[in-house]
Structures are given as structure tokens and as C-alpha cells.
2 protein chains.
Amino acid sequence: MSAVQRGTPMATQPMATGRPATIHDIAALCGVAASTVSRALANPERVNIRTRERIQAAAVELNYTPNSQAKALSSGKTGAVGVLVPDITNPFYFDLIRGTQLQLKAAGYTQLLVDTEESDEVEASTLEQLRKSADGVVVAASRLNDEALAAAAARMPMVTVNRDVDGVPAVLIDTPSAMPQALDHLISLGHTSVAYVSGPAVSQSSARRWIALSEAAEERGVDVRRIGPFAPKTQSGAAAADAAVHSGVTACIVFNDLIAIGMLQRLRERGLRVPEDMSIVGCDDIFGADFCNPPLTTMSSPIEQAGRVAVSMLLAQLNPLAGGGNRSRSVMPTHLTVRGSTGSAPSN
Amino acid sequence: MSAVQRGTPMATQPMATGRPATIHDIAALCGVAASTVSRALANPERVNIRTRERIQAAAVELNYTPNSQAKALSSGKTGAVGVLVPDITNPFYFDLIRGTQLQLKAAGYTQLLVDTEESDEVEASTLEQLRKSADGVVVAASRLNDEALAAAAARMPMVTVNRDVDGVPAVLIDTPSAMPQALDHLISLGHTSVAYVSGPAVSQSSARRWIALSEAAEERGVDVRRIGPFAPKTQSGAAAADAAVHSGVTACIVFNDLIAIGMLQRLRERGLRVPEDMSIVGCDDIFGADFCNPPLTTMSSPIEQAGRVAVSMLLAQLNPLAGGGNRSRSVMPTHLTVRGSTGSAPSN
DNA sequence: ACGGACTTGACAACCGATTGCCATTATCTG
DNA sequence: CAGATAATGGCAATCGGTTGTCAAGTCCGT
């Protein structure tokens, strides 16, 4: 990161003209028609190289930047992409957002980030509004039902993250595949009675994780019960911890790290030790999972990459010209990261 | 491309037609001119009540929503506000972002969130671009120098957060005022030699905190030295911890919680106990400060409220009509939250 | 040198909404 | 009842680009 030093900005600061330059200013300066300027900038090969260069030079000189509103109006393309997340304060989405932002910026798009507040209504109305102000959307962990989501996807280009609906391209974070790993990890530590602490009832992620886990449990002949649902917030961890203790299990696999971290706090309050009395496995490996107490065993994925991939898929949909076949589904690998919150089952 | 089919008079389906309705559709349906529709919707009192109601009914029936691009183009107002943060993955900004988003949505504005990647160049170019695509900006923890920031503020409505520049309205999180509290807290625990672990060299916040701390230290006759600068990331904590240990102090007041948490980890690695061997005071009370190990003593502020206030100030600037006098400066209170990372000074 | 093929640049019609200006009509006043 | 005044609705220009159309200009081969 030593590149920080470079470029002390004595940068060529464009002087503050009263109003940003337009193609008409350029046209006037070059003595050509505005349309010629437009072409010179958009379809350079359609314009004489000398004129073109004169125009390009003038554009630089006037510090011209196209007016995105006007461009959107006449071309129908806004150059913006909406990114919908259910809760912007959930650390899981930080890296996702950063991934989408990076990839969008690289492609010259603007990111419209919206927090849908875990509400299907906010999500639906946002999608409707975005239909006119964005070229496409990335929808993370949608709270909409399948029909509504499919309908929205039919109206505008969309890529979902962690949500699988027929006909809608998706990036899936393959947490379910790590469930057997997590279970084997617990079994190897002597646990035979495990609880799955589930997330929101409308979360497809939670459902998929539970299915994967219960299948793996059946194969291995282990008792796994399900408790919940719980909201994906640390505050929910207290109730989840109490429910887990009451159920008598010695280990929990938890919908996500927020709840898991909340459980750690609650268990400590109740005088129970982790992992001596109870093992906890989280999910997502969010910011904080490595420095909570004890550090959380959890399932990790390349989240930022997921954001980048989602945007790539969306852009491929928007610009079908570019080579790469349009994948309609991309799966991000997941693995178990073992830390301090899991240990041998109580020996009693 | 063939001639666009838009003239079809009976194509006015209330259902989800391929294309959203425009004022022209409404005008056709009501048998009036488009401009009348525009007025009926914007200046209702300028249009006969019967016509107006007919138009409003048609608008509802056609599920009309104004095209924000077109509106922006002709009115010059975009209905969007840019929010610039240096690092979107820094939890400090989560609550700020949520605050701005809530307040903006309530006022019918769209939030354009941009991560400037701690770079003054990215920040400058973003501001320049936003000048045409947003009505105003909220700039958090700007990395620009005073002149550049003042110049940008002269070109478009702006409110800064944690940055004080002449003539630019600002929301200041008054962390400096908590510095004496923090120092007194440490002194009462027997510490006499304290280090300030500073943040980025260009961060005004860091500079202000240092000034407040060193003044308080002088008044109290305590030795406070400054180490750093360090980047505001947990990874920087390792170097910061080593520097602190080397300097021989028994307590650190740290620029922010990210660095502080990184220090906790590093100190543990080196076999040093917190707070027995070293006390740590963080700043910001970010997500994670309450559940790290040990829980972090830190300085807390109403960050989400800061975001809301920043937006309110900006909107007041945009719509001078509304009553409330335009405050140009708003200070958010800060207090010390004592947790487990501070304790009695080593007795040796 | 001439005609055709190909380039290049200008014009103008949009995109969807706002707004100044004017014509029409309704209402009111004396 | 005529004339004044206000209320109302429509036309058309405008915002900044994009793009289809066409005329003028260039270059070529024969």
C-alpha cells in the first residue's frame, strides 16, 4: 500500500467555470455542429481524425463531462445500477457492497445503494422506482416471494445474491456445502446433539442451510434439531442462546455470525463457557468473527468476489455484445474456518 | 430500429405495459395537453379542480411515476444527494450511512453512496462528477485539503462530517471533548504515562483529538506522547501495539476502534494482558467494540443521528423556504464508555 | 476525366418533463 | 349588459444529448 505517496495533487485543477461545459460549447469552440461532437466522442471512427482530435482536445480543455441525465434521457441508459441490501448495518454486506462498487466503477457505472430495511414492501417499491432510474439491479437476500421477484426480474435486468429463483441469474454463496464440514467437525469433537439456529422465516439462505444440515445429519445418524426463527441481529442472540440451552444440545450451528456473536455474549452472561459447555459455529465470517470472545468458528466465503461476480453477470446481461457466455448462475465456494468457539463435547 | 410505436392512442393499459406511463399518456387519456398534466401534478392550484382530479385519477390508474431523469434535465434538480465516505468497510460509517439514508428517503431524495477509498483524487473526481448528478453532497472525513474542499463547496451545496472548514456547514462529532474524560479515567487508574495512537496524517479528526488530549495532559501534568500515524484498519493495530510497547507507556488512547481492536489482538499475541499490562481506550464505539476481547473502553457518539443532522442541514440549504434557520455547524456530544480494556496501571 | 462507392458533417427530430407566454373562457363589477 | 379581471388550458421552446437522414465532399478505378 505504499502507493499512497504518489501524486501529490498539484493536479491540473480545471478552473471553476460557472457552468459545466456541454457539447455545444465544444461545437462552438471547434466550429462544428453539436452532433459532430457527439459522434466524435461516441463513435470516433465515424469522424475525420483531424476533426476528432480537435474536438477531443477541446473537450479536455473545457473539462467536459457528459451530462448523465441528458444521456440517460435520450439513450434510455442511465449508467446506474441499483444494489439492494436488507440491512446496511449488517457487516456481511460490507464486502459485498465494496465488491459491487469496485466492479461498477471499473465499468463506468454508478452504484445506487439502497437499504430495504428487511421489508418486502420497501424492496418492491424500490425496485419499481429503480426501473426508471437504473439499468439493472443486484438484489441481495431478497425478502420478496418468488413470484414478485420473478415479475420484477422480468421488468428489468436483475441478478440476485443468495436467492435462487427460476429464470433469474444468481450468485449463490454455497454455505450449504460447508454444512457437512461443520457437522463433521462437531462430530469429531464428540458432539452428538446439535441445534440449527435458524434465521428469518422468509430467508431462502436459512432454509437451504437447514436442508443441507439435516440431510448431512441423517446420513451420519446425528440428532439435529432446529430452533428459531431469529432476526439476523446480535440482539437476537440472547433468545437464541436461551433456546439452545433449553434444548439440551451441546453445539449450535447458527444461521449467521451476528446471531452467533449475540449468543456468545448471552452464554457468558449466564455463566456458561464456550466451548467447554457449548460449541458455536457461525456463518459468513463477518467483521468481528475473528476478534470476538472466543473467536468464532464459522463458514467463510469470498464475499467481495461475490459482489464483483454479480455485477459482471449483470453487465454481461446489459451488454450482450461482449464475448463471454452469460452464465445464469454462479456459486461461490465456502469452507469452514475453525477458531475458538468449538471444542470437545462436555464429558458428563 | 423501426419507428417507435408510442403514438398508439388506445395503448393505455393500466396494467404493467412494457413501458412506464408518461405525462403524455395521461394527457391523451384525459384529452388535455401534456403541460396541463404537468401543472396539475406540480401546481394543483393552477388547474381547474375537475380537470385536476380527472388527471390525478388517470395518473393513479396508469400507475404514473415521473421520470426522474427528464425532471432533472429540465428542472436542474436531480433529487439525489451524494454521500462520500473514505472506506465503506469501516463500521464507523455504517450508522452514519443509515442515518443519511433514512433522512434522505423521508424527504424523497435518493442517496448516491460512494466509497472514495481514502484517496483525495477519487474524492475530487467524484465531487466533480456529482456536481451534475446530485443536488448536494455529504462528505464524511474528507481527505481533501482545505482549499480544495472549500472550492468544491463553493460549486455545490455541501455538508461535511468531522471536518471543519470555513464557510462549509459541518456536523462535528465532538470526540475531543471526551479526551479529558478518557485521560481522567486513566489517571484515576494510576496511569501517568500515556500514548496517543494517531490516525491518518491528513485526518483532521485525528489532529483535533491530539490537540485536545495534549492540552488536557498538560493541565494535569501527565506525560502523553504521540505515535503513528497509522491507517484506520485493524491490520495497523499490530504495528501500533508494538510501537506502544516500545514507548514504555502503560495506557494508550487510540485514534479509532479499528486500530484499537487490532492492538488488542497483537498484544495478546505478544503475551501481554489487557488491561493488566496495558490499558487501551478506543474511539467511536463501533460495531464490535462491545464484544471484542476484552470489551473496549471507548468514546461513544450518536452517529446515526449525525447522519440525519447532516442531511437536514443540507436539505435546509437546498430548500431555503422552510422555516428553521440554517445552522452552519452542529456538534454531536460524545462520552466515555468504560468497558474491560482499561484497568489499574501495572504496579511495578 | 468521369461516374460510382464511400466518407464526413450538418440538420432536425426526438427523449420526458418544465415553464413563459398567450388565447380562451368564466366570473365579476359597475 | 358591457367591459374588466381573473382563472384556466394549450402551444412551443428548452434542458443536453443521441441518432436517422441526407447532401456535400473525397477517393478510387477505368
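Sorted by first then second residue, the side chain to side chain donor-acceptor pair (under 3.5 Å) pairs that include residues 99-111 of chain A, not counting sequence neighbours, are A:Thr100-A:Gln111, A:Gln103-A:Ser312, A:Lys105-B:Glu117. Applying the side chain to side chain donor-acceptor pair (under 3.5 Å) rule to pairs touching residues 71-84 of chain A yields A:Thr78-A:Asp135, sequence neighbours excluded.
Look at NZ on B:Lys77: it is 14 Å from P on D:dG16, rounded to the nearest Å. We find that CG of B:Asn67 is positioned 17 Å from P of D:dG16, with the value rounded to whole Å. Regarding B:Arg131, its CZ atom lies at a distance of 13 Å from the P atom of D:dG16, rounded to whole Å. The distance between atom CD of B:Gln69 and atom P of C:dT18, rounded to the nearest whole Å, is 13 Å.
Among residues two or more places apart in sequence or in another chain, the side-chain contact (heavy atoms from CB on, under 4.5 Å) test is passed with B:Arg52 by B:Ala40, B:Pro44, B:Val47, B:Ile49, B:Gln56. Scanning for salt bridge (charged side-chain N to carboxylate O under 4.0 Å, His left out) contacts around A:Glu304 gives A:Arg308, with sequence neighbours left out. Residues satisfying the side-chain contact (heavy atoms from CB on, under 4.5 Å) test with B:Ser35, not counting sequence neighbours, are B:Ala33, B:Arg39. B:Gln69 is linked by a side-chain hydrogen bond (donor to acceptor under 3.5 Å, both in side chains) to nothing, counting only residues two or more places apart in sequence or in another chain. Residues passing the salt bridge (charged side-chain N to carboxylate O under 4.0 Å, His left out) test with A:Asp87, sequence neighbours excluded: A:Lys233, B:Arg98. Not counting sequence neighbours, A:Glu53 has no partner by the salt bridge (charged side-chain N to carboxylate O under 4.0 Å, His left out) test. With sequence neighbours left out, the salt bridge (charged side-chain N to carboxylate O under 4.0 Å, His left out) criterion links B:Asp164 to B:Arg208, B:Arg329.
With D:dG17, D:dG10, C:dA17 as the candidates, the nucleotide lying closest to the side chain of B:His24 is C:dA17. Side chain of B:Lys71, nearest nucleotide from D:dG16, C:dT18, D:dG10: C:dT18.
Residues from residues 36-55 of chain B placing a heavy atom under 4.0 Å of any atom in DNA chain C, listed by number, are B:Ser38, B:Arg39.
Under 3.5 Å, the side chains of A:Glu128 and B:Thr65 contain no donor-acceptor pair of N or O atoms.
Among the heavy atoms of the strands lying under 4.0 Å from B:Ser35 is at least one base atom, whether or not backbone atoms are also near.
Comparing the start and finish of the helix from C:dA1-D:dT30 to C:dG30-D:dC1, five pairs each, the helix axis swings through 40°, to the nearest 10 degrees.
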Between the protein and nucleotides 13-15 of chain D, are there any N/O to N/O pairs under 3.5 Å, and if so, what are the atom names and distances?
none

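In the displayed structure, B:Asp166 atom CG is contacted under 6.0 Å by at most 12 heavy atoms of other residues, nucleotides or ligands.
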